[in-house]
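Values reported hereafter were calculated over all heavy atoms of this structure, with side chains retained and with hydrogens, waters and symmetry mates removed. Note that the numbering runs from 1 along the sequence shown for the chain.
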Amino acid sequence: MSKESFIYKLVPAAQADMREFGILTRIVLHERDYRCASRELQRAGYATDPQYADKLIRIIEGSELTRFDQIEEERGYMMSSDDANKIINFLSAAWMSTEDAEARVEFHRLADELREASGQQ
């Protein structure tokens with residue numbers, strides 16, 4: 001496979017991955033209830049298993065992972081601006097690799113979410 005052929009195939013795959021990342025990030029950043037987030041992930045098509053949300057909820061509850069939610073809320077976690085900017089640079093590269101207007105809008109929105117999560121807005 002030639003280098004050009006490889007890159008030609010890589011860009012659409014990266015764009016699809018970024019769209020999935022956008023769905024995942026939007027759900028995870030905005031939903032505070034793990035049950036709702038699990039159902040939203042399933043509804044968004046993130047998983048093909050029709051029992052995905054129920055299984056994920058059982059794992060969370062069975063492992064008592066909700067104890068970390070309380071710790072997180074108590075300390076008021078904020079993403080570091082360095083980490084946010086690293087991810088934003090990755091999003092910027094994806095933004096530049098596409099001419100899809102909808103994807104570009106989503107990349108921009110995600111970058112704004114990261115800026116907000118790190119206290120840069």
(Q) Taking Arg115 first and then Asp112, would you say they form a salt bridge - that is, a charged N and a carboxylate O separated by under 4.0 Å? (A) yes

(Q) Between the side chains of Glu61 and Arg35, is the shortest nitrogen-to-carboxylate-oxygen separation below 4.0 Å, so that they form an ion pair? (A) yes

Q) Would you say the side chain of Gln120 lies within less than 4.5 Å of the side chain of Asn85, judging by non-hydrogen atoms? A) yes

**Q.** Side-chain touch Thr98/Phe107, heavy atoms, less than 4.5 angstrom
**A.** yes

If you look at every heavy atom in [X] and [Y], which pair is closest and at what distance?
X	Y	result
Ile59	Leu65	O-CD1, 4.4 Å
Ala84	Ser118	CB-OG, 3.4 Å
Ala111	Leu91	N-CD1, 3.8 Å

Look up atom [atom1] in [X] and atom [atom2] in [Y], then write down how far apart they are to the nearest 0.5 Å.
X	Y	atom1	atom2	value
Thr66	Asp33	OG1	CG	10.5 Å
Arg104	Glu106	CZ	CD	14.5 Å
Ile57	Ile60	CD1	CD1	7.0 Å

Q) In terms of hydrophobic clustering (I, L, V, M, F, W, Y; side-chain heavy atoms under 4.5 Å; direct or indirect links), are Leu110 and Met96 co-clustered? A) yes

Q. Can you check whether Tyr34's main-chain N or O pairs, donor with acceptor, with Ser38's side chain at less than 3.5 Å?
A. yes

